[in-house]
Enquirer: 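Starting off with a structure, shown below.
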Amino acid sequence: MRKENSEFKTKFISESGSYLRNADYFAFVELKDYACYCVADGIDTDEKRESAKLAVTAVITAFSEEPGISKNKLKHYLNTAHHTLHQEAQEIRLEASIIVVVTDYKAIRWGQAGNCRLVIMRNGRIKFRTKDMSLSQSLADKSEISLDQLESHEERHNLYCYLGQSGHFTPRISGKKKLDDGDMVFLYTRGVWESIGDAELLDSTDGASDPEKVCTNIEDIILSHQQGITENYTIVSIFVDKVYRNPKASKQKKYLKIAFSICLAIGMMVGMFCFTRYRSNQKNIVQMQKLEERGIKYLNEMNYAAADEQFDEAMELADKVRVNEKSQAYQHIQKIELYHAVAGYMTEGMAAVGEGEYKKASNKIDAAIGSASTLETEHGEKTDYLSAMESYKDYADSMKNGTDALGAADYEQAVENFAEASKAADSIDDTTNRNIADEQLNTANGKKALKEGAAYEANAEALLEQNLYNQALTEYNTALEMYTLAKESYHATEADGKISFVSIKIDNINQTINKQSNQEMEKEADSYVQKANQAMHSGDYKTAQEYYENAKEIYQKTENTAQLVAINEKLENAAYGPDEQNALQNVLDGMSYMASGDYATAITKLESAKEAYKNMGDTASANAVANTITALMQKQSAVQE
């Protein structure tokens, strides 16, 4: 039994930090020939289900049932945990970052999905460390960011592989690493590596003779930083004081020659098997290429779900293909993995767009763009489809910003953002998402018009309190225009009540203004009447008549009937002076006597009228009366004869 002839010491610390709940989980089991150590960090938001504990428990159970250190077994352990999270998910998806370490007490192998880390130290130096499966690590690998930025980079939690993810799950499995006496193995979660660097990790082991002391030292460093918020942290320290060495190694050499002969015979059979497998490999590679071509076609058509299906099938074939890591076929598989990542991220991103989760959509699409850029730079692949992905990124960002601005009542900014989203969708002929953006744009414009209308209405109220009716009327009319715009152009139903209220206000002000205007005008008319009366008193009938006419015009505008009747009488009086009135009265009396046959009296009256007209200098009227007298005298003579 290898365990009894080796010496491994394991200690760990796992704390919740500043939180009530610890989303990390660690467990290990040491059997007689194999041991398994497993750390997970829950990265979902489900408070009812402990994703990290579920994942670790699934791995330990699978290992206990089938212990081993091969790549296939390690992959089996991780797939078991991955499927467990899918099966246990209820309201939301369960997700976790994990690292699994297995050993036969002579060597070590690990499997990884996410950003839990492993470090192997030998002779006071870091012999090996894992790389995170994150967008930040990808940027660091391409030298776009420095390694010392990983612990604080904004995309360090943007993972492209993790337990519980949708689509194809491709964890990273290491090769077998031989252990030496005195090696130290450390496993830890992001709550640790975000707080300490390599120098501090090395310092924590200086002079430490047991793993518990190292864990305590690391925890002290984390807590000494006095951060505002301390994340969940888990530290696992494994001291390999003695590795297993086979006591029967010398005897085994005796059997090597015999085994060689047997192996030679078996080799012939294996050769045939390998040839058959080679042909199967080639067949799978050809089919994989066909799936890749169809997937790229779907990418160019923006049918991301269909592309994801093709690349998913291609990756299933890739898992069956046996290739050397330095071969061209291996590079081809790496390229397909990137295509699979592009399609998978875009599928998730578009699903998030459909659900209105624009921030998540932006992150997923950004990850897809990063993978596409890697395809272009590292594999020389054409990325004509990249512009459409960038348009969807612009759409998601603009919709998120517009939604945030709408929630903050910053309607001008919301209008700008939704207009940009509509333009981005239109650039790729996505009618559905453009209509969604346009609908939000209408909503933002409607709310903007309502807000502006409310501002004009408030100004009007303030002016009304100061009895500045004309200015208030202008503000109310502008408010009415804005409310009408909100209703008719942007279908804002809440504008109906505003329109009714403001319309009533406008009617009331108009009535007040009209009433005030009539009163002011009649004051002016009264002054004209007063001036006319003074002119009449002084005998200036012409001036009096002009003033009365001015007053009459005003009373007609104000529809003051009583004053119109009175002013008409005054106009008649002003039209004739006293002499002219007497002359006119004599003419009327003369005509009356003439009609009754009293010609003598009629002639007398008409003579008085003629003399009056002569005195006034009205020759025309005097001549007309004289002609009437002549005709009347002739008629009188005819009657007497």
Enquirer: Hey, can you tell me if His86 and His83 have their rings parallel, tilted or perpendicular (30° and 60° cut-offs)?
Expert: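 Aromatic pair His86/His83 classed tilted.
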Enquirer: Could I get the full list of side chain to side chain contact (heavy atoms under 4.5 Å, CB included) partners for Gln149, not counting sequence neighbours?
Expert: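 Gln149 satisfies side chain to side chain contact (heavy atoms under 4.5 Å, CB included) with Ile145, Ser146 once adjacent residues are dropped.
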Enquirer: Under a 3.5 Å cutoff, is there a donor and acceptor pairing between the side chains of Thr234 and Asp24?
Expert: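 Looking only at side-chain atoms, Asp24 and Thr234 do form a donor-acceptor pair, the distance falling under 3.5 Å.
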Enquirer: Would you say the side-chain atoms of Thr103 pair up with the backbone N or O of Tyr105, donor to acceptor, closer than 3.5 Å?
Expert: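 Such a contact is found between Thr103 side chain and Tyr105 backbone.
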Enquirer: In Å and rounded to the nearest 0.5 Å, what is the NZ to CG distance from Lys106 to Asp180?
Expert: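 One gets 13.5 Å once the value is rounded to the nearest 0.5 Å.
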Enquirer: For the NZ atom of Lys178 and the CG atom of Asp183, what is their distance to the nearest 0.5 Å?
Expert: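 Lys178 atom NZ to Asp183 atom CG measures 10.5 Å (nearest 0.5 Å).
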Enquirer: For the OH atom of Tyr233 and the CD1 atom of Ile235, what is their distance to the nearest 0.5 Å?
Expert: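 If I round to the nearest 0.5 Å, the distance is 6.5 Å.
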Enquirer: Answer yes or no: is there a side-chain heavy-atom contact under 4.5 Å between Val192 and Ile218?
Expert: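 Yes - at least one pair of side-chain heavy atoms lies under 4.5 Å apart.
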Enquirer: Does NZ or CZ of Arg122 lie under 6.0 Å from the centre of the six-membered ring of Phe128, at an angle within 45° of the ring axis?
Expert: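 No; the conditions do not both hold, so Arg122 does not lie above the ring face of Phe128.
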Enquirer: Where do Val59 and Cys36 come nearest, in terms of heavy atoms and distance?
Expert: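 Minimum heavy-atom separation between Val59 and Cys36: CG1-SG, 4.1 Å.
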Enquirer: Taking the side chain as C-beta and beyond, is there a heavy-atom pair between Lys9 and Glu212 under 4.5 Å?
Expert: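 A side-chain contact is absent here, since even the closest heavy-atom pair is not under 4.5 Å.
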Enquirer: Would you call Val101 and Ile108 a side-chain contact if the rule is heavy atoms closer than 4.5 Å?
Expert: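 The answer is yes, as the side chains (C-beta and beyond) meet within the 4.5 Å cut-off.
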Enquirer: Report the residues that fulfil side chain to side chain contact (heavy atoms under 4.5 Å, CB included) with Ala388, sequence neighbours left out, ordered by chain and then residue number.
Expert: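 Checked Ala388 against side chain to side chain contact (heavy atoms under 4.5 Å, CB included); matches are Met302, Tyr304, Ile428.
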Enquirer: Show every ring pair (Phe, Tyr, Trp, His ring centres under 6.0 Å) that has at least one partner inside residues 161-189, sequence neighbours left out.
Expert: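 The answer is His82-Phe169, His168-His340.
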Enquirer: Would you name the heavy atoms of Ala40 and Val56 that are closest together and state the gap between them?
Expert: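 Looking at all heavy atoms of both residues, the shortest contact is CB-CG2, 3.6 Å.
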Enquirer: Asp397 and Ser362: side-chain donor and acceptor closer than 3.5 Å?
Expert: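 Indeed, the side chains of Asp397 and Ser362 share at least one donor-acceptor pair under 3.5 Å.
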Enquirer: So, applying salt bridge (Lys or Arg N to Asp or Glu O under 4.0 Å) with Arg156, which one of Glu194, Glu231, Glu151 is it?
Expert: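 Only one of Glu194, Glu231, Glu151 forms a salt bridge (Lys or Arg N to Asp or Glu O under 4.0 Å) with Arg156, namely Glu194.
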Enquirer: How close do Ala81 and Ala58 get, heavy atom to heavy atom, and via which atoms?
Expert: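 Where Ala81 meets Ala58 most closely, the heavy atoms are CA-CB, 3.9 Å.
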Enquirer: Salt bridge (charged side-chain N to carboxylate O under 4.0 Å, His left out): which pairs involve residues 66-77, sequence neighbours left out?
Expert: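 Sorted result for residues 66-77: Glu66-Lys73, Lys75-Asp319.
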Enquirer: Are there more than 12 heavy atoms of other residues, nucleotides or ligands under 6.0 Å from atom CD of Glu355?
Expert: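 Yes, CD of Glu355 has more than 12 neighbouring heavy atoms, counting only those of other groups under 6.0 Å.
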Enquirer: Looking at Asp141 and Lys131, does any basic side-chain N land under 4.0 Å from a carboxylate oxygen?
Expert: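 Salt bridge between Asp141 and Lys131, a charged N being under 4.0 Å from a carboxylate O: yes.
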Enquirer: Hey, could you give me each pair passing salt bridge (charged side-chain N to carboxylate O under 4.0 Å, His left out) that has a residue in residues 328-339? Not counting sequence neighbours.
Expert: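 Passing the test, one end in residues 328-339: Glu292-Lys335, Lys335-Glu381.
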Enquirer: Counting C-beta onward and ignoring hydrogens, is there a side-chain heavy-atom pair between Tyr37 and Val39 closer than 4.5 Å?
Expert: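 The answer is no, as the side chains (C-beta and beyond) never meet within the 4.5 Å cut-off.
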Enquirer: By salt bridge (charged side-chain N to carboxylate O under 4.0 Å, His left out), which residues pair with Glu144, not counting sequence neighbours?
Expert: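 Scan of Glu144 (salt bridge (charged side-chain N to carboxylate O under 4.0 Å, His left out), adjacent residues dropped) gives Lys142.
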Enquirer: Would Arg245 and Asp181 satisfy salt bridge (Lys or Arg N to Asp or Glu O under 4.0 Å), going step by step from the backbone distance to the final call?
Expert: CA-CA 11 Å; Arg245 292 177 176 81; Asp181 293 347; 3.3 Å; yes
Enquirer: Do Lys3 and Tyr244 meet the cation-pi criteria used here (NZ or CZ under 6.0 Å from the six-membered ring centre, within 45° of the axis)?
Expert: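 No, cation not above the ring by the 6.0 Å, 45° rule.
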Enquirer: Just so I know, are the side chains of Asp132 and Trp193 near enough to count as touching, which here means a heavy-atom distance under 4.5 Å?
Expert: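 Answer yes - side chains close enough.
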Enquirer: So, the side chain of Arg109 versus the backbone of Ser174: is there a donor-acceptor pair under 3.5 Å, distance only?
Expert: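 Looks like yes, one N/O pair under 3.5 Å.
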Enquirer: Given side chains that start at C-beta, do those of Phe63 and Leu74 come closer than 4.5 Å, heavy atoms only?
Expert: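 Heavy-atom side-chain distance check fails, nothing below 4.5 Å.
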Enquirer: Show the nearest heavy-atom pair for residues Leu118 and Val185, with the distance to one decimal.
Expert: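 In this case the closest contact between Leu118 and Val185 is CD1-CG1, 4.2 Å.
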Enquirer: So, using salt bridge (charged side-chain N to carboxylate O under 4.0 Å, His left out) as the criterion, who are the partners of Glu378 when residues are at least two apart?
Expert: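 Counting only residues at least two positions away or on another chain, Glu378 forms no salt bridge (charged side-chain N to carboxylate O under 4.0 Å, His left out).
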Enquirer: Which residues satisfy the side chain to side chain contact (heavy atoms under 4.5 Å, CB included) test with Ala96, sequence neighbours excluded?
Expert: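 For Ala96, the residues satisfying side chain to side chain contact (heavy atoms under 4.5 Å, CB included) (neighbours in sequence not counted) are Ser51, Leu85, Leu163.
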Enquirer: By side chain to side chain contact (heavy atoms under 4.5 Å, CB included), which residues pair with Glu155, not counting sequence neighbours?
Expert: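 For Glu155, the residues satisfying side chain to side chain contact (heavy atoms under 4.5 Å, CB included) (neighbours in sequence not counted) are Leu135, Ser136, His153, Asn158, Asp366.
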Enquirer: Side-chain contact test, heavy atoms from C-beta onward, threshold under 4.5 Å: evaluate it for Met346 versus Met389 and give yes or no.
Expert: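 The answer is yes, as the side chains (C-beta and beyond) meet within the 4.5 Å cut-off.
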Enquirer: In Å, rounded to the nearest 0.5 Å, how long is the span from CG of Asp44 to CG of Leu94?
Expert: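 CG of Leu94 is found 5.0 Å from CG of Asp44.
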Enquirer: Applying the side chain to side chain contact (heavy atoms under 4.5 Å, CB included) test to Val214, which of Thr205, Asp206, Ile238 qualifies?
Expert: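 Answer after filtering Thr205, Asp206, Ile238: Thr205.
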Enquirer: Checking Asp198 now: which residues fulfil salt bridge (charged side-chain N to carboxylate O under 4.0 Å, His left out) with it, not counting sequence neighbours?
Expert: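 Partners of Asp198 by the salt bridge (charged side-chain N to carboxylate O under 4.0 Å, His left out) criterion, ordered by chain and then number, come out as Arg129.
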Enquirer: Could you tell me which residues satisfy ring pair (Phe, Tyr, Trp, His ring centres under 6.0 Å) with Tyr19, sequence neighbours excluded, listed by chain and number?
Expert: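 Tyr19 satisfies ring pair (Phe, Tyr, Trp, His ring centres under 6.0 Å) with no residue once adjacent residues are dropped.
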Enquirer: Drop me the distance from Leu375's CG to Ile336's CD1, to the nearest 0.5 angstrom.
Expert: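 The CD1 atom of Ile336 is 10.5 Å from CG of Leu375, to the nearest 0.5 Å.
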Enquirer: Taking only residues two or more places apart in sequence or in another chain, which ones pass salt bridge (charged side-chain N to carboxylate O under 4.0 Å, His left out) with Asp41?
Expert: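 Residues passing salt bridge (charged side-chain N to carboxylate O under 4.0 Å, His left out) with Asp41: Arg190.
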Enquirer: Looking at Ala405, is its backbone amide N or carbonyl O close enough to the side chain of Asp410 to form a donor-acceptor pair, meaning the two atoms are under 3.5 Å apart?
Expert: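 Not at all, since once roles are kept as given, no pair shorter than 3.5 Å links the two residues.
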Enquirer: Is any side-chain heavy atom of Cys38 less than 4.5 Å from a side-chain heavy atom of Ile99?
Expert: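 Heavy-atom side-chain distance check fails, nothing below 4.5 Å.
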